[in-house]
Amino acid sequence: MNKRIYLDYAATTPVKEEVFQAMKPYFTEAFGNPSSVYSYGREGKQAIDTARKQVAKAIGSKTDEIFFTGGGSEADNWAIKGIAYANKNKGKHIITSNIEHHAVLHTCEYLEKEGFKVTYLEVDEYGQIRIEDLKKAITDETILITIMFANNEVGTIQHIKEIGEIAREHKIYFHTDAVQALGNVKIDVNELNIDLLSVSAHKVYGPKGVGALYVRKGIKLFSFIHGGAQERRRRAGTENVAGIVGFGKAAEMATENLEEHVSKIKKLRDKLIDGINERIKYVRLNGHPTDRLPGNVNFVFEFIEGESLLLSLDLIGVAGSSGSACTSGSLDPSHVLMALGLPHEIAHGSLRLTIGDFTTEEDIDYVLENLPKIVDRLRMMSPLYEEVLKGGQK
Amino acid sequence: MNKRIYLDYAATTPVKEEVFQAMKPYFTEAFGNPSSVYSYGREGKQAIDTARKQVAKAIGSKTDEIFFTGGGSEADNWAIKGIAYANKNKGKHIITSNIEHHAVLHTCEYLEKEGFKVTYLEVDEYGQIRIEDLKKAITDETILITIMFANNEVGTIQHIKEIGEIAREHKIYFHTDAVQALGNVKIDVNELNIDLLSVSAHKVYGPKGVGALYVRKGIKLFSFIHGGAQERRRRAGTENVAGIVGFGKAAEMATENLEEHVSKIKKLRDKLIDGINERIKYVRLNGHPTDRLPGNVNFVFEFIEGESLLLSLDLIGVAGSSGSACTSGSLDPSHVLMALGLPHEIAHGSLRLTIGDFTTEEDIDYVLENLPKIVDRLRMMSPLYEEVLKGGQK
Amino acid sequence: MYTEKVMDHFMNPRNVGEIDNASGVGQVGNAKCGDIMKIYLDVKDGIIEDVKFKTFGCGSAIASSSVATEMIKGKTLEEALKLTNRQVVSALDGLPAPKIHCSVLAEQAIKSAILDYAQKNGLQFDELKDFNPDEDHHDHGHDHE
Ligand SMILES: Cc1ncc(COP(=O)(O)O)c(C=O)c1O
Ligand SMILES: Cc1ncc(COP(=O)(O)O)c(C=O)c1O
Ligand code: FES
Ligand code: FES
């Protein structure tokens, strides 16, 4: 395999060289425990403070509203369980959507077993919740609305500001999983009325295993990891100093030239979308046409199955991902594609290609040149396509 | 400051060069998501498998009994809450000790608020629980015994094997926090009848923010972080690949020449203990004289306060830690020293110096040369010491 | 994650296509689950002279169909009926655990095509007594405990 074209930036990103260089001293040299009072540890403590400022700036919050975690999933778990348990005397109802990341969905399902009630809002064919549905779902018992900022599979962006306003009006806490949004959409927690927000470093060219939860000042939520007094007593455990430093640097880099970055990525995305539409029949774009992450391309290729598509692409050096059950070894195809109303057999044939900072025009050209041949080859093997050919047309 | 002598290895350790080199490729190059099915990600997945084997070998478990976490605190929280919630129908009683790390203690306290009953066993003057007390504490309701392997402050090692046998006899799960024990004591989970065990990378020359929980096969415990299917569906979140690789390497290095390492460290420790005993009056060793971590030195220096001692040492380049309240900003002196029966005023004057792989004889000589002067200087300022001098003798 | 054999059969599948006026056709699986396998047989004097397949499914489903058709070509119907999914798996030098059911699908598709042939020709096979082509074969293996 000569080519190596990575088009799975929504799954994870490489650590940027600048980020790695920032992290490096904190492994072997400035290794002290930031909880220590004296010389050793001091550097680590200061480095964490800087990173906290950088992450706060990236989402428009105050510095002391940022709490570092072991990743996006932990941040989601903490936010939801933390608010739920701290407010269960006020009410036990939570509103979310049916296209959330599993870190949110499975946490909500867990809380249901623990006696909470959860409303899973349905989304429209583009993956957006209907504001009317949200309003209707609110009861006196509702303590939390958790709706993701942007979806990881189909890239759809929600009307976060409106959701935040409604939550504010009803004095309900609003949490958003912004793991995919950071670095791709402008985030300002005050402008958008966000009370809690989850982010993860490895989606913005930072290290894996570091995330953060923004918690608006004054909000009480239960601790998730109990123990030492780190993170101002709200999240115990010796801090992942190097990881946190990397996250700070990455968050800064991801947001400082946001518009430029977004327009560059968008151009490549649109080239890929248009190219696929022109060259291949029986395809359809999943997700919202415009309220969409700048780097997300997600297509259904009818009559073929996602894994075989992915595997064929892998063989020519292109890495993508699919919503197919056969890829993950799980029973059902992606809950997100199903939520958009795609029939099972069609959801199976979806392919996600996500574009990032190291993607080039040539990469897109290469995919556009080869994808039609791959789709053709697989369709020729497909008993479903047979029927189409026989029928002359679908 | 010329000298930089680090004697706080129990707080954290530097990442060893070999460990850092093992981690390095997983930041910028082999960065794929280990959950991805194809080329990218494959390296990460394999690297995690290797690390899992290394950690398993270090504690004598099967490979698939190891689950990586975001640190020792998370492992403790998960083990205790996970067992508690999965077994609350069998009973709601937990037994622990009053010298556990806060990650265990605060988790138990949280569970008390949630309706569980917790027995905090007292320890003897050396910091060991009495096996008789443990037996008496067991009721039909007891679902979990969680007793730390070795204490982080005073270094006392418990009779883990006996505790494990008692737990086994009564069909109660036995968890042990072995964060301080790994690399310092031989651990074999089967020989010692351990059902769950927590470890943390940064105490064995690995990175901060990575840990692991060993869960004996067949034991059901609730998930702690809900979400994706990572760690065989038991711990969600994109894996900290580099960190896990570092932990694997560090665990391997920490256990492969265990006896040699232990005897080298012990020699330095005993030199320091003996030296202090010889040179300074009114001191006493905290913790067990022999059932003690090879690198732990913990002394009470009567009539003086821990922070001032620590500060003076810091000024001559020596980093240690103390059980003094003034150090941590918390109200009370170390709960561990109090549990050993030390009166408040004496607990305040304790100093912990912990020895590790980079400690030299010269480091110990330097401390032995300077510590008596520092103690003297501080005692000359102490009103408590004045009385002693006046009385001629204590 | 796949063996070289699997990749070879995936990239260069043997016997893809259809047979006009086939003596037996079998289809198993269902598009809802993401896998359909269709087998065409050309049988003369109890011997499978030719076999073709079409598959909608993942890499191992395609490879399983390919290798299975290769294994029964030129064999008697009785021999073909003895083909098990295990043999398919070992002919591919193994499949990942969650993909074993793709090999089951191949075994079933062949049985289903022979059943079609048997029904058209009024034949009975002991091996097909308990065979139900519509049975839910679909247990995508889970690797969780
Ligand atoms: C005995 C003990 N348990 C748990 C922990 C917590 O581990 P971590 O800092 O990795 O969360 C530590 C160290 O901080 C410890 O010494
Ligand atoms: C939308 C969304 N939320 C949460 C997560 C979980 O983040 P992490 O992998 O850092 O735990 C991810 C990515 O995996 C994501 O895309
Ligand atoms: S066709 Fe679904 S796993 Fe093979
Ligand atoms: S004497 Fe100053 S804080 Fe204790």
Side-chain angles (χ1 to χ4, degrees), chain A residues 1 4 6 8 11-17 20 23 27-29 31-33 35-40 69-74 76-77 101-103 106-107 109-110 200 202 207-210 223 225-229 236-243 307 310-311 314 317 319 321 327-328 330, chain B residues 1 4 6 8 11-17 20 23 27-29 31-33 35-40 69-74 76-77 101-103 106-107 109-110 200 202 207-210 223 225-229 236-243 307 310-311 314 319 321 327-330:
Chain A
M1 194 194 305
R4 285 261 276 177
Y6 186 71
D8 205 9
T12 195
T13 59
V15 172
K16 282 193 177 161
E17 190 55 34
F20 179 65
M23 296 170 68
F27 291 110
T28 49
E29 298 153 37
F31 68 86
N33 195 316
S35 297
S36 302
V37 196
Y38 305 110
S39 304
Y40 284 88
T69 68
S73 299
E74 186 193 320
D76 283 340
N77 274 256
H101 189 268
H102 281 142
H106 291 338
T107 301
E109 287 159 13
Y110 169 77
S200 180
H202 75 97
K208 295 171 178 55
V210 195
S223 280
I225 300 186
H226 299 268
T238 302
E239 300 90 335
N240 177 353
V241 182
E307 196 222 56
L310 218 52
L311 194 55
D314 189 59
S321 88
T327 317
S328 59
S330 80
Chain B
M1 193 195 306
R4 284 261 274 177
Y6 185 73
D8 205 8
T12 195
T13 60
V15 172
K16 281 194 177 160
E17 189 55 32
F20 180 66
M23 296 171 68
F27 291 110
T28 50
E29 297 152 37
F31 68 86
N33 194 316
S35 297
S36 301
V37 195
Y38 306 111
S39 304
Y40 284 88
T69 69
S73 299
E74 186 194 319
D76 283 341
N77 275 255
H101 188 268
H102 281 142
H106 290 338
T107 300
E109 287 158 12
Y110 169 76
S200 179
H202 75 97
K208 295 172 178 54
V210 195
S223 281
I225 300 187
H226 298 270
T238 301
E239 300 90 335
N240 177 354
V241 182
E307 199 221 51
L310 218 51
L311 192 55
D314 190 59
S321 88
T327 319
S328 60
S330 80

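In what follows, chains are A, B, ... by sequence order, proteins preceding strands, each numbered from 1.
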Student: Go through the atoms of A/Asp8 and report whether side chain, backbone, both or neither lie under 4.5 Å from a heavy atom of chain B.
Tutor: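 For A/Asp8, side-chain heavy atoms alone lie under 4.5 Å from chain B.
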Student: So which part of B/Phe27 gets closer than 4.5 Å to some heavy atom of chain A, the side chain, the backbone, both or neither?
Tutor: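 For B/Phe27, the contact with chain A is made by backbone and side chain together.
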Student: Can you name the residues that form a ring-ring contact (aromatic ring centres under 6.0 Å, His included) with B/His106, not counting sequence neighbours?
Tutor: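 B/His102.
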Student: So which part of A/Glu74 gets closer than 4.5 Å to some heavy atom of chain B, the side chain, the backbone, both or neither?
Tutor: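 Both backbone and side chain.
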Student: Is A/Thr13 close to chain B through its backbone or its side chain, or both, or neither, when contacts mean heavy atoms under 4.5 Å?
Tutor: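 Answer is backbone: N, CA, C or O of A/Thr13 sit under 4.5 Å from chain B.
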Student: Can you name the residues that form a ring-ring contact (aromatic ring centres under 6.0 Å, His included) with B/His226, not counting sequence neighbours?
Tutor: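 Applying ring-ring contact (aromatic ring centres under 6.0 Å, His included) to B/His226 gives A/Tyr110.
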Student: For A/Asn77, is it the side chain, the backbone, both or neither that has a heavy atom under 4.5 Å from a heavy atom of chain B?
Tutor: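 Just the side chain, heavy atoms under 4.5 Å.
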Student: For chain B, which candidate among A/Val241, A/Val210, A/Thr107 shows the most heavy-atom pairs at distances under 4.5 Å?
Tutor: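 Looking at each option in turn, the highest pair count goes to A/Thr107.
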Student: Which one wins on heavy-atom pair count under 4.5 Å against chain B: A/Gly32, A/Ser200, A/Pro207?
Tutor: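 Heavy-atom pairs under 4.5 Å are most numerous for A/Gly32.
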Student: With a 4.5 angstrom heavy-atom cut-off, which part of B/Glu109 approaches chain A: side chain, backbone, both or neither?
Tutor: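 No part of B/Glu109 comes within 4.5 Å of chain A.
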Student: So for A/Ala242, is it side chain, backbone, both, or neither that comes closer than 4.5 Å to the heavy atoms of chain B?
Tutor: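 When you check distances to chain B, no heavy atom of A/Ala242 falls under 4.5 Å.
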Student: Can you tell me which portion of A/Ser321 sits under 4.5 Å from chain B's heavy atoms? Options are side chain, backbone, both or neither.
Tutor: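 Contact with chain B: none, neither part.
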Student: Looking at every heavy atom in both B/Thr28 and A/Val15, which two are closest together, and how far apart are they?
Tutor: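 Smallest interatomic distance, heavy atoms only, reads CG2-O, 2.9 Å.
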Student: Between chain A and each of B/Gly70, B/Gly71, B/Ala11, count heavy-atom pairs under 4.5 Å; write down the option with the most.
Tutor: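 If we count pairs closer than 4.5 Å to chain A, B/Ala11 comes out on top.
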Student: Considering only heavy atoms and a distance below 4.5 Å, find which of A/Pro14, A/Ala236, A/Ser73 pairs most often with chain B.
Tutor: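 Going by pairs under 4.5 Å, I would pick A/Pro14.
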Student: Counting distance only, does the side-chain N/O of B/Lys208 pair as donor-acceptor with the main-chain N or O of A/Phe31 below 3.5 Å?
Tutor: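 Yes.
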Student: Mind listing the closest non-hydrogen atom pair of B/Thr12 and A/Asn33 along with its distance?
Tutor: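 Distance-wise, the nearest heavy atoms are CG2-N, 3.3 Å.
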